[in-house]
Every structure is written in C-alpha cells, then in structure tokens.
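Structure first, then comments.
Here is how names work: the chains are called A, B, and so on, in the same order as the sequence lines, proteins then strands, and each is numbered from 1.
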Protein chains: 2
Amino acid sequence: MTAQGADVPEGDGQATARVAASPGTPDANGADVNGAGAIEVPAARERARSIPEAAVARLAVYLRALSSLAEQDITTVSSEELATAAGVNSAKLRKDLSYIGSYGTRGVGYEVEVLIGQIERTLGLTRKHSVAVVGIGNLGHALANYGGFPSRGFPVSALFDLDDDLVGVPVGGIPVSHIDDIVEVCSQREVTIGVIATPTQGAQEVCDRLVAGGVTCILNFAPIVLQVPEHVEVRKVDLAVEMQILSFHVARRQQESAAAAEVDGASDGGPPGGGAGLPGEIDSANRMVERL
Amino acid sequence: MTAQGADVPEGDGQATARVAASPGTPDANGADVNGAGAIEVPAARERARSIPEAAVARLAVYLRALSSLAEQDITTVSSEELATAAGVNSAKLRKDLSYIGSYGTRGVGYEVEVLIGQIERTLGLTRKHSVAVVGIGNLGHALANYGGFPSRGFPVSALFDLDDDLVGVPVGGIPVSHIDDIVEVCSQREVTIGVIATPTQGAQEVCDRLVAGGVTCILNFAPIVLQVPEHVEVRKVDLAVEMQILSFHVARRQQESAAAAEVDGASDGGPPGGGAGLPGEIDSANRMVERL
DNA sequence: ATTTGTGAAGCGATTCACAGCC
DNA sequence: GGCTGTGAATCGCTTCACAAAT
C-alpha cells in the first residue's frame, strides 16, 4: 500500500524536549493569541497552522491534477473524479479540501479554477520563491534545467559549485557562482529555498551557509541528516532509500509467494533464485546518491 | 520545528482502485494465508509482512548511518547515538529495530556489523535488483551516471529512450535501447526495478511496458499518478510537490509572525511591516531574474 | 438525485515508561 | 549504572456514514 509516512518530526533533541515539556498544551502560542487581542484574525490564517502535514503534501498533488484538468478546459470536477486523478479516495480528498475551506457546491462539485486558486493561496504559491541550487553535478544540472520549477512559481535564481571551471558558466541560463559566495548571493537575491545536490561531505557546510544567507527551506538530496536551527525546514529526498524500500517490497512479495507455495510442499522450497544470496553490501546504493 | 527527513509522496494509484472497490473489507489480503498450512514459517519471514511501512523507510536511513559508522571503524553503537545520527528519537529507533528482531545487548548497545547485516536481510538487499532507467534526459543521465553502481546493490542494467539519436549511445557504460524494446529487454535482463524519468506524456505508456516486461517495482519521477496492477509497487518522487510543501511552510511561518505582531496592533489591515522587530522578516521578493 | 462537508469511529504509528538484562 | 526491548498510552491520520445543500 505504499504508505506515505508524512515525515519524520523533530530534527533533534530539542524538539523532543519541547514535546515532553508540554503535555497538556499542544502548541504554546496558539491558544490565547485569538482569545481577546486579535479579533478579526481570518479563519483562513488560523486554519493554515492546523492542516495536517500529510494533507499539505496531497494538496500539491491535487493542484497538479487540477492544472491538468484546466488545460483540458474542464471547469467543474467532483470529489470522486479528482480523487481518482490524484490517486486517493474521495473521502480523503474532501477532508483535505475541507481544511482549506468550503469551496464546493453540493450536488455539483468543485470549480476547477476556484480550487486551484485556493490551493495555491494555501500553499503560499501566490508568492514567488527564489531557488538556489548548490552542486552542479549531474543532478544539479538536471535541476537547473528542470522546467517544472519555474513554471509553477519557483524561479531558480542562483547556482553554486565548488569547481572553478564551472564558476561563471551559465547553466540553464544562470551563471554558476562559487560556493564561497553563497551567503552573499543568497541574501542579495532573496533566496528562500535552497536545494542541496552536493556530495555528502560538503552538504552540512553548504547547509550552514545557506542558512546564514537567509534561506529557511532546504531540499536535501545528499544522504545525510542535516543539522539546522529550529526555524529552518528541511525535506530530504534520498534515492537510495527509495530503492531500498522498493527492494523490501520485492522481498516481501517473494516471501509471500514462497510461503504460499510452501503450504503444500513440506520441505523448504529452497532458495530458488538465490534466497540466501551473499551478504552483499549496499554501499553502492548509498554512494550513488553521493555522486550526484 | 525543523521537520527533518520525511519520505516522499506515495505511490498510490493502484491503491485507489483497490480501496474504492472494497467498501466493506478494509484490506483484501487478510491474514489467513498462514492459517494452518504453513507450519514452521520462521518468525523472521512472518515478521517482514508486519513491519510498518514507516519503519521500513527508516530502516534504510539507519542502514546508511550504520555504514558510515562502520567506515569509521566504530563497532558498537547505542540506540541514542544511532538515533541522533539518523535524525529520530531513540524510542522510535528501538521500536523499529524490534520489528526485525533482538540484536542488541542490554547495557551495551548494538554491534554495527550485525545490525547492518540484519537490516540488509530485512530489506532484501542480499539479492541484486537490476534497474532500468527510462528517459535519458537530464535526470535520466544523472541517474544512469551513478557511475559508482558497482556490481552490488542496484546495478543499472538497461537504459531506454525515445530518441533515435540516443539509442545505441552508451551512457554510464550502458548503451541506450529504444523504448519499443522495453518489454523484451527487461524480461531478458530480469529487471526488477524500473525508474521512470520521462516527461509526463509518455510515463503511463512506459509504465505499462515495464510492467509487461516483468517489472514489479517502479520509481516514478514523472508528475503523474500511474495506474498499475495490484502486484506492482510504485513510489513517486515529485520535486515540484516537495517545493510546494516547503513553500507552505514558508507561508505558514510568515503568517505566524504576522499574527504574533498583530497581537498588540488592534486594527486589522495587518501589513506585516507594522511590527518592526520581527525575527527573520523576509520581505516581498517580487520579480527577479525570471528565466524559464 | 447528487455531491459536499464533517463529526465520530477506527486504526496505525509514535511516544512513554518501565521491566529485564548486562 | 546503563541500555535494550516492549506493553500500554497517546496521538494523528484515515475512513465511515450521514446531515446539509443544491
């Protein structure tokens, strides 16, 4: 079923401590803010804080499905249809949409354009987020040239690499800067999202500089757990991990068929294709991401 | 908050159909498989089926941390140490490890090598998984050039593209085949994992061929929900979605500071600029070098 | 007649907290 | 004393099912 374990909370010990420290109150600031002082704080604002992390991830998926519908000049869509397009069930979709407000019409469905607008607003896409890509290797090149970013409000506005031969060379229309200039360039160009596509070794250092340059969101392709201050958000994309998860599912499936086959045959089915292969190492998988 | 890690979007798609089709029964594959027939099914096998999906993803992360420790010739590690390295808390780590067995020593910790071996076994990494990459564009190149791909782990054994100019050209040591030959080549080379790095348009078609070629696991970089048979596992990596999730967090943070600033200022209208002394105030970054 | 929006139930994952072992 | 392994409690997301709306 390929779950979508939303994410792994807490970057470190402090988060743990915080949780432990507040047994009764879920969040410190929320409660009394709108108790008396802040009167007209729009419900929409209040809502944003409470959207489940998992729902946020799906909103982005719905948005893409909706864009696709819009391109086909479809103006209205039911929760059932949209859910199918997004690969979820309709109850979940409706629940997710309910977190951002009530923009559907009962008996009819949702207006595509309206929904697009509302999701974009919720995700903060009405504002452009300058992106910096660090590490212009294979992956960095791919990212710099990736059309998907600019098209949806994520202009890549800075590229960095260690290699002097690369500095100054334009990639995807933007000249590469040296990583020594990360802090300066990022603050100057108001970069809000940093993408780390360097080898593991340099990743933490790069991360620190991005943070120093005012970057508050980081997308990390390096196979390392980055240490960041509390106000910085990190998301990690780890190819090797993805592959290994798939590997697990292959293995499980084989076990299941093996077990099923065992029902009639008493003796162990034996290792057909190599049930007991060698204790191979997986470093290759780890390494491959580093190479990027 | 610094949410670290996070695994990626799901690979649903097929789950939708399944879920929608079974209103009454939560999950089809009930647990009666080993009701009576399978006697001595080792606990280890039985266990695999029941490891929470989220735990599987983390096991892969632990594995990397452990490999790193092994390289430093560290032979023993406590749950606390390993948890820190992996970016989780120690209780979760111990729970996760308990799913695969008891390989620690109370009062001491875990032996690094032992744990590596057990996790590799659990994830099915003792067996090689041939990988095919489809779509040799920017990203495909990056993936194919995981040059390191030594013979262990996840050897890339096939590359495919639509472009005739590319067919026959070796990339990362492997000649590119035409996508018309996916079925033949994949079954011949016993590919188990397919990586889709094509544009959206061709992705479903490519997916169908991979499945026809015997591929049961797919890693999809195309921003589309693939429709696959029930026995095929899909994981999706969507860079745009990742960015949008980060965008949401930026937006939320700004709202929070804005709301906090509003507490003293009674009237609405709330231009964030009102509160001068805000931490990390990021201002409007309109129109910058926008290059598609 | 349809379809949304949502309280409530259900369920899986996380965290707690401590017994058991070194 | 230190650390693992795990039942129990808790939390948060998902699913159900139905009232409300058109």
Calculate the interatomic distance between A:L82 atom CG and C:dT3 atom P; express it in whole Å. 14 Å

Listed nucleotide nearest any side-chain atom of A:R94, set C:dT14, D:dC3, C:dG5: C:dG5

Can you measure A:D96 atom CG to C:dT6 atom P for me and round it to whole angstrom units? 13 Å

D:dT14 OP1/OP2 closer than 4.0 Å to side-chain N/O of A:N89: no

Flag for A:T126-A:R121: side-chain donor and acceptor within less than 3.5 Å: no

Given C:dT4, D:dG5, C:dC22, identify the nucleotide with an atom nearest to the side chain of A:S79. C:dT4

Can you check whether A:I100's main-chain N or O pairs, donor with acceptor, with A:T122's side chain at less than 3.5 Å? no

Side chain of B:A91 only, heavy atoms from C-beta on: which candidate in C:dC16, C:dC22, D:dG5 is closest? C:dC16

What is the distance, to the nearest angstrom, from the CD atom on B:E80 to the P atom on D:dG1? 18 Å

Rounded to whole angstrom units, what separation is found between the CG atom of A:L97 and the C1' atom of C:dT4? 10 Å

Can any side-chain N or O of A:S247 pair as donor or acceptor with the backbone N or O of A:M243 at less than 3.5 Å? no

Using whole Å, report how far CD1 of A:I51 lies from C1' of D:dC13. 14 Å

Atom-to-atom span, CG of A:L93 to C1' of C:dG5 - whole angstrom: 12 Å

Could you please name the option among D:dG5, C:dT4, D:dC13 that lies closest to any side-chain atom of B:S102? D:dG5

Rounded to whole Å, please give me the gap between CD in B:E53 and C1' in D:dT14. 16 Å

With distance as the sole criterion, is a donor-acceptor pair present between the side chains of A:Q244 and B:H129 under 3.5 Å? no

Sorted by number, residues from residues 107-119 of chain A placing a heavy atom under 4.0 Å from DNA chain C are A:G107, A:V108, A:G109, A:Y110

Could you state the atom-to-atom distance from OH of A:Y103 to C1' of D:dA21 in whole Å? 18 Å

Verify, without hydrogens or angle tests, whether B:S67 (side chain) and B:L63 (backbone) share a donor-acceptor contact under 3.5 angstrom. yes

Return yes if the base of C:dT4 and the side-chain atoms of A:R106 contain a donor-acceptor N/O pair under 3.5 Å, otherwise no. yes

As a test of reading the structure: which of D:dC13, D:dG5, C:dT15 is closest to the side chain of B:K95, going by heavy atoms? C:dT15

With side-chain hydrogen bond (donor to acceptor under 3.5 Å, both in side chains) as the criterion, how do B:E53 and A:H249 come out once you've worked through the C-alpha distance, each side chain's angles and the decisive distance to 0.1 Å? CA-CA 10 Å; B:E53 190 62 30; A:H249 288 294; 3.1 Å; yes

Side chain of A:R58 only, please: which of D:dT14, C:dT4, D:dC16 is the nearest? D:dT14

Identify the two heavy atoms, one from B:G104 and one from B:Y110, that lie closest to each other, and give their separation to 0.1 Å. CA-CD2, 3.4 Å

